[in-house]
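First comes the structure, then the notes that go with it.
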Amino acid sequence: MVTTTLQGQSIQLLGFRASFGDPRGLLHSAPMSSSPSAQNLFARAAADAVARITGVAADFKVEAPPRPELGDFAVGCFAAAKALKQAPPAVAAKVAAEFQPTELLSAATATGPFVNFRANRAAGFRWLIDATLGGGALVPQTVGAGQTVCIDFSSPNISKHLAYHHIRSTVIGHALVNLNRAIGARVIGINHLGDWGTTHGMVMAAYKKWGAPEPLDVTAINDLYVRFREAMKADPTVEQEGRVWFKKLEDGDAEARALWQRFRDISWAEFESAYQMMDITFDEVRGESAYEPELPGVLAMLRDKGLVSESEGAQVAVLPDEKNPVLLVTRDGTTLYATRDVAAAMYRWNTYGFTRSLYVVDRGQGLHFKQLFKLLALAGYEWSSRCEHVPFGLVRIAGKKTGTRTGNITLLKAVFAEAIDEVAPMMRANAAKIDAQISDAEIERTATMVGVGAIVFANLLPQREKDVDFDLEKVTSLSGDSGPYLQYSHARCVSIQRKGGVPIEHATLTPEVLARLGNDHEWAVARRLLDFGEIVARAAAASEPHLLCHYMLELAGDFSRWYTAGNEDAGLRVLCEDLELRRARVALVGAVQATLKQGLGILGLGAPDVM
RNA sequence: GCGCGUGUAGCUCAGUUGGAUAGAGCGUUGGCCUCCGGAGCCAAAGGUCGCAGGUUCGACUCCUGCCACGCGCACCA
């Protein structure tokens with residue numbers, strides 16, 4: 001009922017939008033650049049000051065000076081200088097000389113071609129305490145408001161385990177879901193299960209041929225597949241049996257359907273147990289099979305538009321400037337995944353009317369998506385320009401490519417289990433050291449959070465397009481740039497607040513209280529927090545979770561330096577004797593904790609209170 | 001062969017639409033526990049940013065060529 005209504009609406013929408021022609025410029029430039037509204041107030045004030053004093057209307061780039069002594073916000077005067085036909089240092093000097101302090105910015109200094117602004121620290125602390133502990137938000141919801149983003153991620157094949165090489169799509173996709181939600185977009189996270197195709201015919205043929213031990217599980221099903229591939233190598237005619245069974249499945253044969261359903265159910269139960277460990281859910285679990293009823297219509301549509309031709313017995317779509325055509329129907333008359341992807345793309349458009357439709361799939365399938373989007377464009381769907389392949393590099397294990405086809409496979413859950421084992425003893429040792437009462441069940445839960453977090457973070461940290469070579473020892477390493485380091489920082493924040501014994505309800509954090517903050521360590525932390533919103537917006541726009549990973553490490557580093565400084569200089573300690581000052585500092589710790597928790601949540605990591 | 005991607009410290013990686021002295025982690029060396037939890041902090045050593053040209057006031061960043069490695073290129077997904 002609801003679906004019908006939605007579809008009806010969006011079909012109208014389609015016609016409506018189509019009449020406006022190519023929306024690419026508008027639709028792509030908006031989400032792809034971090035809009036000025038993602039910048040914090042202070043950075044914007046700095047850019048405005050330069051624009052006002054120089055009289056040059058431009059959206060000046062604001063960055064952090066290379067060294068904090070220089071200032072808080074830097075604006076280079078290159079563009080303004082060009083417009084005014086003056087030397088950049090002269091323009092910078094003029095801006096600095098004419099600058100009048102405001103509520104947000106206290107000073108401006110020219111250093112060469114740069115103007116370095118200093119924030120009014122009191123205003124900075126006030127703003128971020130309101131944004132984290134009050135009703136505000138560090139991430140402006142306006143950035144993604146009104147956008148609808150479909151994200152196809154994880155999407156494993158049934159009848160196989162969730163293997164380690166699935167982790168990047170799963171983890172990157174999950175982070176993108178959270179990033180887009182964080183900026184206020186409506187997000188549909190989609191698990192496009194590989195539950196259709198010749199492969200599944202092979203599994204059925206194998207099952208009929210050899211049977212399998214009961215109770216049937218994914219291992220047994222996958223063994224059938226592997227055995228079938230072996231048999232194919234020995235006798236190529238065996239392959240035909242698989243094709244026959246897939247044809248039966250597509251033709252609606254009852255036995256084939258029942259068998260397929262069983263394999264699918266068993267597989268999904270297995271996948272779900274792994275997703276649960278990562279705390280991942282999907283808004284839509286819709287396999288390729290779901291599009292099967294629509295395929296004849298899709299093919300007819302493509303034919304009507306003159307896009308289908310025959311080649312070597314198969315039906316293909318020939319694309320301009322492409323060496324190979326898109327295969328739509330095999331010579332056996334069965335469909336291929338490109339056909340189903342066309343149907344899925346149309347379904348998503350008709351159902352959701354997306355602003356962006358992301359496919360978080362490994363780089364090896366770049367050609368497939370390039371051709372898919374091209375085909376959609378040829379078919380007249382201008383919304384194909386809103387579809388984006390979000391590619392990522394290979395996962396290797398000990399330098400070797402992984403995957404079910406290469407036989408080099410490591411189960412995701414096995415990797416998690418090893419990481420958890422690695423972490424658990426330390427959790428127990430720490431529990432004894434900490435005052436808090438911790439039950440065994442709690443320790444176990446935290447060990448899972450930290451072990452899984454280590455693996456998740458390690459796969460998010462490098463840029464998407466880089467290959468990652470998996471090394472268990474390194475991935476579960478807890479020191480340095482790791483998920484557990486972030487989680488540890490969070491636990492320390494909670495611990496300090498717990499021991500603080502001072503209330504930090506937002507209403508009690510008066511200007512007088514916050515005025516007690518101000519030393520360089522405290523400010524370094526605050527200054528970092530001010531960047532959170534822009535980082536999240538940029539990571540969402542670029543579909544690059546690693547931007548947030550690196551930011552989180554820097555935030556945790558700033559925080560660590562602050563509380564370590566208290567070891568040598570008692571005057572810097574958060575839990576100082578002066579209760580008003582203590583309250584102000586604990587509030588800042590609370591702001592850090594809230595931000596670490598939000599950031600960890602976006603990345604898909606838990607934030608333990610003790611660990 | 002064609003296409004896509006990657007090349008930054010011994011190793012793993014950052015480097016924000018071209019901008020200030022190219023930064024982290026691991027490892028190495030040396031410091032910091034009567035210290036709010038040492039999964040931490042500080043310091044030192046370590047770089048022809050693959051190579052060669054070009055554009056620019058300015059290039060790790062943009063363009064061209066080359067080299068190395070990886071991946072993809074018709075009936076699997």
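In what follows, every heavy atom counts, from backbone to side chain, and hydrogens, waters and symmetry copies are set aside. Residue numbers start from 1 in every chain, and the chains themselves are labelled A, B, ... in the order their sequence lines are given, proteins ahead of strands.
Contact annotation for Met202(A): no contact, since no heavy-atom pair falls under 4.0 Å across all strands. Leu336(A) comes within 4.0 angstrom of the backbone, heavy atoms only, and of no base. Note on Gly112(A): nothing from the nucleic acid sits closer than 4.0 angstrom, heavy atoms only. Using a 4.0 Å heavy-atom criterion, one finds that Gly366(A) contacts no nucleic acid atom at all. As judged by a 4.0 angstrom heavy-atom cut-off over every strand, Met232(A) is placed among residues making no nucleic acid contact. No contact: Asp569(A) has no heavy atom under 4.0 Å from any strand. Residue Pro65(A) is in base contact, counting any heavy-atom pair closer than 4.0 Å across all strands shown. Here Asp332(A) lies out of heavy-atom contact (under 4.0 Å) with every strand.
Remark: Leu596(A) CG to Leu529(A) CG distance equals 8.0 Å, nearest 0.5 Å. To the nearest 0.5 angstrom, Phe392(A) atom CZ is 9.5 Å from Asn459(A) atom CG. Taken to the nearest 0.5 Å, the OG1 atom of Thr109(A) stands 12.5 Å off from the CD atom of Glu69(A).
Here the nucleotide nearest the side chain of Thr111(A), chosen from A77(B), G37(B), A20(B), is A20(B). In the set A77(B), G38(B), G40(B), G40(B) carries the atom at the smallest distance from any side-chain atom of Thr564(A). Closest contact between the side chain of Pro484(A) and the listed nucleotides A39(B), C75(B), G5(B) involves A39(B). Among the nucleotides C75(B), C41(B), A39(B), the one closest to the side chain of Arg331(A) is C75(B). Out of C75(B), C36(B), C41(B), the shortest distance to the side chain of Lys499(A) is found at C36(B). Checking C32(B), A39(B), C75(B) against the side-chain heavy atoms of Glu568(A) singles out C32(B) as nearest. For Ala491(A), taking side-chain heavy atoms from C-beta onward, the closest of the listed nucleotides A20(B), G37(B), A39(B) is G37(B). With C75(B), G70(B), A77(B) as the candidates, the nucleotide lying closest to the side chain of Glu312(A) is C75(B).
Spacing of C1' atoms, A22(B) relative to C13(B), comes out at 14 Å, to the nearest Å. Going from the C1' atom of C75(B) to that of U17(B) covers 43 Å, rounded to whole Å. Spacing of P atoms, C42(B) relative to G27(B), comes out at 16 Å, to the nearest Å. Remark: the separation of the C1' atoms in C41(B) and C36(B) is 14 Å, to the nearest Å. Nucleotides C26(B) and G7(B) place their P atoms 23 Å apart, quoted to the nearest Å. Taking the C1' atoms as reference points, G47(B) lies 15 Å from A14(B), given to the whole Å. For the C1' atoms, the distance from U8(B) to C49(B) is 4 Å, rounded to whole Å. Separation of the P atoms belonging to U61(B) and U55(B) is 15 Å when rounded to the nearest angstrom.
Contact check for Val390(A) versus Arg464(A): side-chain heavy atoms found under the 4.5 Å cut-off. The shortest distance between side-chain heavy atoms of Phe114(A) and Pro65(A) does not fall below 4.5 Å.
With respect to the salt-bridge test (charged N to carboxylate O, under 4.0 angstrom), the residues Arg396(A) and Asp467(A) qualify. Taking a cutoff of 4.0 Å between a charged side-chain nitrogen and a carboxylate oxygen, Lys233(A) and Glu230(A) qualify as a salt bridge. Remark: Asp558(A) does not engage Arg527(A) in a salt bridge, criterion side-chain N to carboxylate O under 4.0 Å.
At whole-Å resolution of the value, CG in Leu249(A) and C1' in A77(B) are 15 Å apart. We find that CZ of Arg585(A) is positioned 15 Å from P of C36(B), with the value rounded to whole Å. As a whole-Å value, the separation of Tyr485(A) OH from A24(B) P is 13 Å. Straight-line distance from the CG atom of Asp362(A) to the P atom of C4(B): 18 Å, rounded to whole Å. The CG atom of Leu327(A) sits 13 Å away from the C1' atom of A77(B) (whole-angstrom rounding). What separates CD of Glu465(A) from P of U6(B) is a distance of 5 Å, to the nearest Å. Distance NZ (Lys323(A)) to P (G72(B)): 14 Å, rounded to an integer number of Å. The distance from atom NZ of Lys82(A) to atom P of G58(B) is 12 Å, rounded to the nearest whole Å.
Residue Tyr225(A) places no side-chain N or O under 4.0 Å from the OP1 or OP2 atom of A77(B). In this structure, Tyr488(A) reaches the A39(B) phosphate: one of its side-chain N or O atoms is under 4.0 Å from OP1 or OP2. Within the structure, a side-chain polar atom (N or O) of Ser495(A) is placed less than 4.0 Å from OP1 or OP2 of G37(B). The side chain of Arg340(A) contributes an N or O atom lying less than 4.0 Å from OP1 or OP2 of A77(B). Between Arg561(A) and the phosphate of C42(B), there is a side-chain N or O to OP1/OP2 separation shorter than 4.0 Å.
Ring geometry for Tyr291(A) against His192(A) counts as tilted: the plane angle lies between 30° and 60°, on a 0 to 90° scale.
Remark: C4(B) base-pairs with G70(B). Criterion, Watson-Crick or G-U wobble with two distances under 3.5 Å. In a base pair of the Watson-Crick type (N1 to N3 plus N6-O4 or O6-N4) or a G-U wobble (N1-O2 and O6-N3), with each distance short of 3.5 Å, G47(B) is matched with no nucleotide. Under the Watson-Crick and G-U wobble criteria, each requiring two contacts below 3.5 Å, nucleotide C41(B) is paired to G31(B). Pairing for C36(B) is absent, judged as Watson-Crick or G-U wobble with the two contacts each under 3.5 Å. The partner of G53(B) is C63(B), by the rule that a Watson-Crick or G-U pair needs both atom distances under 3.5 Å. Remark: U17(B) base-pairs with no nucleotide in the shown strands. Criterion, Watson-Crick or G-U wobble with two distances under 3.5 Å. Searching all strands for a Watson-Crick or G-U wobble partner of C26(B) with both distances below 3.5 Å returns G10(B).
A donor-acceptor contact under 3.5 angstrom links the side-chain atoms of Ser311(A) to the base of A74(B). For Asp341(A) and A77(B), a side-chain-to-base donor-acceptor distance below 3.5 Å is absent, hydrogens and geometry of angles not being considered.
For the pair Trp562(A) and Val329(A), both in contact range of RNA chain B, the more 5′-proximal nearest nucleotide belongs to Trp562(A). Where Val115(A) and Tyr563(A) each meet RNA chain B at their nearest nucleotide, the meeting point lying more 5' is that of Val115(A).
Other residues, nucleotides and ligands contribute at most 12 non-hydrogen atoms within 6.0 Å of the CD atom of Glu577(A).
For Tyr359(A) and Phe373(A), the gap between ring centers is short of 6.0 Å. No close placement of the Trp196(A) and Tyr337(A) rings is indicated, their centers lying 6.0 Å or farther apart.
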*Using a 4.0 Å cut-off on protein heavy atoms (strictly under), produce a 5'-to-3' string for nucleotides 12-19 of chain B with B for base contact, S for backbone-only sugar-phosphate contact, and - for none.*
SSSSBB-B
